[in-house]
Amino acid sequence: MSTIRSVTTWDLRFPTSSTLSGSDAMNKDPDYSSAYVQVHTDADDGITGVGFVFTIGRGNDIVCRAIDTIAQNLIGKNVELLLDDMRVAWDLLVHDSQLRWLGPEKGVAHMAIGALLSALWDIKAKRANKPLWLLLAEMEPEELVHTLDFRYLTDALTPQEAIDILKDGKRGQQERISTLLAQGYPGYSTAPGWLGYSDEKMVRLAKEETEVKGFKQIKLKVGQNIDDDLRRLALARDAIGSDVRLAVDANQVWDVPQAIEWINRFHDFDLAWVEEPTSPDDVVGHATIARAINPIPVATGEQMQNRMLYKQYLQMRAFGIMQVDATRVAGPQELVLEYLMARKFNVPVCPHAGGVGLCEAVCHFAMFDYVAVSGTTEGRMIEYVDNQHEYFVHPTEIRNGNYVAPTAAGNGTEMLLDQAEKYLYQPGH
């Protein structure tokens with residue numbers, strides 16, 4: 001038997017605002033940051049569980065403090081009890097009634113819980129000597145579904161339906177695992193798209209990402225100035241040609257009528273999707289936009305804070321592309337639920353990534369989906385930006401525009417702290 005001995009947090013902030021990498025119409029000067037957590041046990045296996053929450057600078061310390069506070073619920077707990085039944089860990093943290101009052105099930109507390117649950121799943125995967133995507137895929141459907149919380153979801157997805165989806169996903173699973181290991185999973189690049197970049201830099205990067213790195217889609221940020229958007233989209237489309245997909249992302253900057261008017265000027269560019277046209281909490285607004293800008297699909301999800309919002313978007317057909325973020329919700333169990341609901345409603349998922357650790361983390365869930373849930377990569381791809389990967393023990397690798405499937409045990413987000421600690425935030429410095 002082993003117990004959880006301690007939890008350590010690190011407030012790491014990378015000065016990306018100095019290059020305007022990450023800049024968009026809503027977030028003009030982000031400093032990509034990680035509220036990074038290590039869960040230590042007294043086992044003699046040398047395993048440390050890791051998790052994190054991605055932020056863009058100020059407030060990263062608030063997330064670290066939330067993780068430190070919530071972690072007190074884990075100190076001294078039996079590790080095997082939690083790992084053998086991860087629903088116990090979920091209930092211990094998500095259903096702590098006093099903590100829940102801060103959400104409920106949303107915001108800083110919910111994200112902090114997600115970091116801790118991710119760290120526990122990391123320990124579970126490392127003990128099994130499997131990458132997280134494979135651990136999840138090879139669990140028996142009943143066992144995995146037992147870890148999930150269906151409260152507020154059964155009008156859209158029942159536990160039995162989830163079991164049936166996962167049982168169906170067992171057919172041909174070994175062949176898909178082999179294909180994934182051989183070919184990887186499709187990615188797309190946002191590297192050219194930041195609003196702070198000059199036209200020349202955008203065009204150069206658009207060509208490099210598609211012609212050299214092999215991405216079949218790029219994404220540009222929009223929403224600051226309509227004339228700039230039209231000019232940049234024309235330049236990008238000319239640079240990449242008609243065979244490469246082009247998406248845009250407004251990062252929630254518009255009201256609903258403004259979004260409809262603005263997006264309807266983009267029809268000449270054959271867009272793959274328009275992302276986050278308005279507030280992520282506005283389900284009806286997204287549904288209204290989706291109908292008004294057809295056939296351009298709406299994509300959103302990176303800042304949707306819990307499984308209940310995803311349920312409503314799916315029920316109202318408020319998007320054509322569902323996106324998820326690895327650290328916005330409460331860890332792997334909630335992400336699995338989101339993928340299962342997407343399968344039930346037959347909506348493709350294209351995860352958000354690019355920030356510190358997000359590529360390393362979210363690819364496990366996209367690959368789990370391919371192997372065990374949807375069984376396809378058709379219309380699905382993972383966002384990619386070449387940021388901070390050098391600070392990870394097992395950094396994301398891109399080959400011919402595809403994510404190479406991770407094979408190292410764990411969730412893939414363990415950092416090289418001896419190298420990253422130079423970005424440790426020091427108040428007052």
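These numbers come from a predicted model, not from an experiment.
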Looking only at side chains, do Asp31 and Ser33 share a donor and an acceptor under 3.5 Å apart? no
Could you tell me how the ring of Tyr391 sits relative to the ring of Phe14: parallel (under 30°), tilted (30 to 60°) or perpendicular (over 60°)? tilted
Results of salt bridge (Lys or Arg N to Asp or Glu O under 4.0 Å) for Arg13 - residues two or more places apart only: Asp11, Asp61
With a 4.5 Å heavy-atom cut-off, do Lys216 and Pro186 have their side chains touching? no
Test: Lys167 and Glu142 ion pair at under 4.0 Å: yes
Which of these, Val94, Leu92, Leu93, Leu99, sits in a side chain to side chain contact (heavy atoms under 4.5 Å, CB included) with Asp96? Leu99
Please check if any side-chain donor atom of Gln252 sits under 3.5 Å from a side-chain acceptor atom of Thr278, or the reverse. no
Atom CG of residue position Asp85 - does it have more than 12 heavy atoms of other residues, nucleotides or ligands inside 6.0 Å? yes
Are the side chain of Thr16 and the backbone N or O of Pro30 linked by a donor-acceptor pair below 3.5 Å? yes
Between Trp90 and Glu334, is any side-chain donor less than 3.5 angstrom from a side-chain acceptor? no
Could you tell me whether the side chain of Tyr185 reaches within less than 4.5 Å of the side chain of Ile382, counting heavy atoms only? yes
Between Asn411 (side chain only) and Thr413 (backbone N and O only), is there a donor and an acceptor less than 3.5 Å apart? yes
Please lay out, stage by stage, how Ile398 and Val404 fare under the test side chain to side chain contact (heavy atoms under 4.5 Å, CB included). CA-CA 6 Å; Ile398 298 293; Val404 175; over 6 Å; no
Does CZ in Arg399 sit with more than 12 non-hydrogen atoms of other residues, nucleotides or ligands closer than 6.0 Å? no
Check for a donor-acceptor pair, side chain of Thr377 on one end and backbone N or O of Arg380 on the other, with a separation under 3.5 Å. no
Hey, is the main chain of Asp149 close enough, under 3.5 Å, to the side chain of Arg307 for a donor-acceptor pair? yes
Is the shortest side-chain N to carboxylate O distance from Glu138 to Lys170 below 4.0 Å? no
Return yes if some donor-acceptor pair links the side-chain N/O of Arg176 with the main-chain N/O of Tyr370 below 3.5 Å, else return no. yes
Do other residues, nucleotides or ligands put more than 12 heavy atoms under 6.0 Å from the CG atom of Asn346? no
Do the side chains of Lys221 and Asp249 get close enough for a salt bridge, i.e. N-O under 4.0 angstrom? yes
Take atom CG of Asp155 as the centre, draw a 6.0 Å sphere, and report whether it contains more than 12 heavy atoms from other residues, nucleotides or ligands. yes
Suppose we screen for salt bridge (Lys or Arg N to Asp or Glu O under 4.0 Å). Which residues come up paired with Asp122, at least two apart in sequence or across chains? Lys126
Less than 6.0 angstrom separating the ring centers of Phe54 and Tyr32, yes or no? yes
Gln323 and Glu275 side chains, donor-acceptor separation under 3.5 Å: yes
Could you tell me whether the side chain of Asn225 reaches within less than 4.5 Å of the side chain of Asp229, counting heavy atoms only? no
Side chains of Thr9 and Asp68: donor-acceptor distance under 3.5 Å anywhere? yes
If only atom types and distance count, is the side chain of Tyr403 paired as donor or acceptor with the main-chain N or O of Met381 below 3.5 Å? no
With a 3.5 Å cut-off and no angle check, do the side chains of Glu383 and Thr190 form a donor-acceptor pair? yes
Run the ring-centre check on His286 versus Phe319 and record whether the distance is less than 6.0 Å. no
Intermediate values then yes/no, side-chain hydrogen bond (donor to acceptor under 3.5 Å, both in side chains), Asp42 and Ser2: CA-CA 6 Å; Asp42 59 10; Ser2 58; 4.6 Å; no
Report, one line per pair, each donor and acceptor closer than 3.5 Å where one atom sits in a side chain of residues 347-360; sequence neighbours left out.
residue: His352; atom: ND1; partner: Asp325; partner atom: OD2; Å: 2.6
residue: His352; atom: NE2; partner: Glu302; partner atom: OE2; Å: 3.4
residue: Glu360; atom: OE2; partner: His389; partner atom: ND1; Å: 2.6
residue: Glu360; atom: OE2; partner: Thr396; partner atom: N; Å: 3.0
residue: Glu360; atom: OE2; partner: Thr396; partner atom: OG1; Å: 3.3

Electrostatic pair Arg87:Asp91 at N-O distance under 4.0 angstrom: yes
Is Ser279 reaching over with its side chain to a backbone N or O of Asp281, donor-acceptor style, under 3.5 angstrom? yes
Centroid-centroid under 6.0 Å between Tyr188 and Phe215 rings: no
Pair Lys311 + Glu338, salt bridge at N-O below 4.0 Å: no
Is there a donor in the side chain of Asp164 and an acceptor in the side chain of Gln160, or the other way round, less than 3.5 Å apart? yes
Counting N and O atoms only, with roles assigned by atom type, does the side chain of Arg232 sit under 3.5 Å from a partner on the main chain of Gly193, one being a donor and the other an acceptor? yes
Take Asn306 and Tyr152, measure what side chain to side chain contact (heavy atoms under 4.5 Å, CB included) needs, and give me the verdict at the end. CA-CA 11 Å; Asn306 55 44; Tyr152 311 129; over 6 Å; no
Is a side-chain donor-acceptor pair under 3.5 Å present for His40 with Thr8? yes
For the residue pair Asp369 / Ser374, report whether a side-chain donor-acceptor contact shorter than 3.5 Å exists. yes
Do the side chain of Tyr310 and the main chain of Gly301 share a donor and acceptor less than 3.5 angstrom apart? yes
Using 0.5 Å steps for rounding, measure from the CE atom of Met415 to the CZ atom of Phe52. 8.5 Å
Any side-chain to backbone donor/acceptor pair from Trp121 onto Gln333? Under 3.5 Å, distance only. no
Could you tell me whether Arg65 atom CZ has more than 12 heavy atoms of other residues or ligands within 6.0 Å of it? no
